[in-house]
Amino acid sequence: MKDTIAHLLQSALNQLMEDGTLPADFRPDIKVENARDKAHGDFATNLAMVACKPAKMKPRDLAQRLIDVLPADGAISATEIAGPGFINFFVSDASSFAVIDDILHRGEAFGTSDQGQGQAVQIEFVSANPTGPLHVGHGRGAAIGDCLARLLEATGHKVTREFYYNDAGVQIDNLALSVQARARGLTPEDAGWPADGYRGEYIADLAQAYKAGETVSADDRSVTAKGDIEDLTAIRNFAVAWLRREQDEDLKAFGVSFDVYFLESSLYQDGSVAATVQRLIENGFTYEKDGALWLKTTEFGDDKDRVMRKTDGNYTYFVPDVAYHLNKWQRGFTTVINEQGADHHSTITRVRAGLQGLKADIPQGWPDYVLHQMVLVTRSGVEVKLSKRAGSYVTLRDLIEEVGRDATRFFLAARRSDSQLTFDIDLARSQSNENPVYYVQYAHARICSVLNKLVDIGDNRDPESIRGDYQLLTLEEERDLVARLAQYPEVIASAARQREAHHLTQYLRELAGLFHTYYNAHKVLVDETELRDARITLSLAVRQVLANGLGLLGVSAPQRM
RNA sequence: GCGGCUGUAGCUCAGUUGGAUAGAGCACUUGGCUACGAACCAAGGGGUCGGGGGUUCGAAUCCUCCCAGCCGCACCA
């Protein structure tokens, strides 16, 4: 509909350019936006205000000229000039309500588009190191990342979900030492406990499993414990597998799965780290200083150069990161989105600098990043501390078990990623009017319930197949509902384009609210069959869109609650 | 000190890329179930959009300078 109006406006512009009202080379960006206030109609354009200068006319006068030459269209029932020079468009009822047909015809596919044109997109998210269970911060990344993946799929992209993790390095050594210490019966309070050891209780469980010779299987590996307390390599391998399995269970409980698990160690094994370093040296972006090898990241906007190879000969963490991203590029992903905690934001400049230094024709500013800020968890109004090393923290699984998957996902995806999030456990748990998840789900369940009631009033038709005449829908609440339903596809499209999942939760809340208002004010199952059918048809459409939207959030759309 | 993010109603947060009178939810006050589900609805009060300056027809939104909070500033990841 916006496109239709834009076309009409373009045609009107052409007319005014021909008659000399506007310069012949005038090429404005025609913007048609949803009216914020329904008193202003359905759509509005600011064209007259943008074009008033070249036309040397007052905005409202120009608006009138535009309307005068605007071609007639059956979908537009009225236009008006308002405020400083807006042109408001009122869409005819027949045209507004037609969206119901579209929704019921396309079903689950309503709202999807091919704007991505099958482009391969990779989204890397969670990427937690296998040194502990997932916590709420990872949960936020999982909720946002998975929802973005679903949004991109819905808009015609071919999405690969990828999980990258460090399975070697210093942190993993610390992990192995911690497990070994626990296996020897030490606790974090004892002398001889590793300096940077992981203190959590789960390390003791892990040590127990290792000594017992258990076999653990994660999504990407399976390891049987050797049981030998002295064999640090065996401990390390087992510990990584054990924690990966834990994380897989957390993710499974959360309804998130990955297509690819990518190991940092593989980048060393296949020589790509060495090759990356070599290429940066050859391209002249490195130098030796103080016994270390430095990358001239300042040539790419960093505020100081960064060490690539430490004096001990090991590479710093961002070097394999650069190799990893080169690998992503070589796999053909022209769009890569990295969903990470904002505490890692300093890596962005380094990784992009490294990629530019490779001179591999990778565009500047590639890849994309979506960063999420910290999550603060409160219970009974007080903060619950999250400290992995200290061991006392709320894991993602705790949260899922306590508040449920749907509420956890909804809460973690419902806010802009770049603002801090307070996760109120009491609120998320409450099965009451305080909880926005249930508000949306309740609207869905209510519609299901109404449809089931049809048989009680002696109508034995299958409610799913009823298609009433929506010309009988004349209530204000019904117009409000279809207007909002019609906006769903553009909400999906813009949420995907802007990589902002929270627009969807916002939209669903509003749609559910409009339905609740309608439901409370008017009866769906009225006596007159034709009107009843029309309202059932509308209800089916609302239910469909609620279900589609919840689906993109990975939240269930229950028939009963 | 440097960089990133944030600052909007008592609280938690939106604000469609610069539009019309800044919106929801919670909380508070009042009203609505012998109703197709009250996990709901209706009505009401509540704001110098952190502060100052600037850009223009028009700013919560863009620029600039302050203030406050969080995060990062390792040869950890």
Side-chain angles (χ1 to χ4, degrees), chain A residues 31 33-37 39-40 44 46 49-50 52-53 58-59 82-86 88 127 129 131 165-166 169-172 174 196 264 290-294 302-304 306-318 320-321 341-349 371-374 376 414-422 424 427 430-439 441-443 445-454 456-457 487 490-491 494-495 498 500 502-503 505-507 509-510 512-513 515-526 532 535 539 560-561:
Chain A
K31 276 199 203 163
E33 46 192 33
N34 299 319
R36 288 195 184 199
D37 186 334
H40 300 144
N46 61 353
M49 283 133 83
V50 175
C52 65
K53 270 194 180 166
K58 290 179 183 169
F86 291 103
N88 292 337
S127 292
N129 282 338
T131 52
Y165 68 94
N166 171 358
V170 179
Q171 301 297 348
I172 302 297
N174 281 336
D196 293 317
E264 184 182 9
D290 305 332
L293 183 68
W294 296 68
D302 205 351
D303 51 2
K304 57 182 174 187
R306 306 291 168 176
V307 169
M308 292 174 65
R309 191 177 58 226
K310 302 182 264 183
T311 47
D312 67 4
N314 291 316
Y315 294 110
T316 55
Y317 68 91
F318 85 90
D321 238 23
D343 51 342
H344 291 92
H345 84 267
S346 58
T347 68
I348 297 176
T349 314
L371 303 180
H372 64 260
Q373 295 288 333
M374 301 290 97
L376 185 74
R415 306 232 188 292
R416 284 173 53 202
S417 63
D418 52 12
S419 66
Q420 290 175 53
L421 165 61
T422 302
D424 183 337
L427 176 60
S430 70
Q431 301 196 0
S432 73
N433 56 358
E434 295 173 29
N435 196 325
V437 195
Y438 298 121
Y439 185 82
Q441 290 182 321
Y442 186 56
R446 246 184 169 176
I447 293 171
C448 294
S449 173
V450 171
L451 298 176
N452 289 334
K453 273 285 188 307
L454 192 60
D456 294 354
I457 61 170
Q487 287 170 8
E490 67 184 79
V491 169
S494 83
Q498 299 175 82
E500 290 184 342
H502 72 281
H503 291 306
T505 58
Q506 198 75 15
Y507 171 85
R509 215 197 171 286
E510 287 164 8
F515 183 79
H516 286 311
T517 298
Y518 176 51
Y519 179 93
N520 274 280
H522 306 284
K523 196 160 175 165
V524 174
L525 301 181
V526 291
R532 183 168 75 224
R535 290 185 175 175
S539 301
R560 276 189 299 274
M561 297 172 64

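Model, not experiment: these values are computed from the prediction. Computed over heavy atoms, backbone and side chain alike; hydrogens, waters and symmetry mates excluded. By convention in this document, chain letters (A, B, ...) are assigned in the order of the sequence lines, proteins followed by strands, and residues within each chain are numbered from 1.
Not one side-chain nitrogen or oxygen of Y438(A) sits closer than 4.0 Å to the OP1 or OP2 atom of G25(B). Proximity of H502(A) to the phosphate of G15(B): a side-chain N or O atom is located under 4.0 Å from OP1 or OP2. Between S419(A) and C70(B) there is no side-chain N or O to OP1 or OP2 distance below 4.0 Å. Applying the 4.0 Å criterion to OP1 and OP2 of A38(B), one finds that R446(A) has a side-chain N or O inside that range.
Glycosidic conformation of U16(B) is anti; the angle lies outside 90° of 0.
Heavy-atom distances to RNA chain B give each of V50(A) and D312(A) a nearest nucleotide, and the one nearer the 5′ end belongs to V50(A).
Between the CZ atom of F318(A) and the P atom of C75(B) there is a distance of 10 Å, given to the nearest Å. Atoms CD (E33(A)) and P (A20(B)) sit 8 Å apart, rounded to a whole Å. Following rounding to the nearest Å, D424(A) (CG) and U12(B) (P) show an atom-to-atom distance of 10 Å.
Nucleic acid contact class of A445(A) (heavy atoms, under 4.0 Å, all strands): base. T316(A) comes within contact range of the sugar-phosphate backbone alone, with a heavy-atom separation under 4.0 Å but no base atom that close.
The base of G19(B) sits with one of its N or O atoms less than 3.5 Å from a complementary donor or acceptor on the side chain of N46(A).
Here C13(B) is the nucleotide among C13(B), G15(B), C36(B) with the atom lying nearest to any side-chain atom of R415(A).
Shown here, A14(B) forms no base pair; nothing in the strands shown gives a Watson-Crick or G-U wobble contact with both key distances under 3.5 Å. Remark: G53(B) base-pairs with C63(B); criterion is Watson-Crick or G-U wobble with both hydrogen-bond distances under 3.5 Å. In a base pair of the Watson-Crick type (N1 to N3 plus N6-O4 or O6-N4) or a G-U wobble (N1-O2 and O6-N3), with each distance short of 3.5 Å, C5(B) is matched with G69(B).
H40(A) qualifies as a stacking partner of the A20(B) base, centre to centre under 5.5 Å and near-parallel within 30°.
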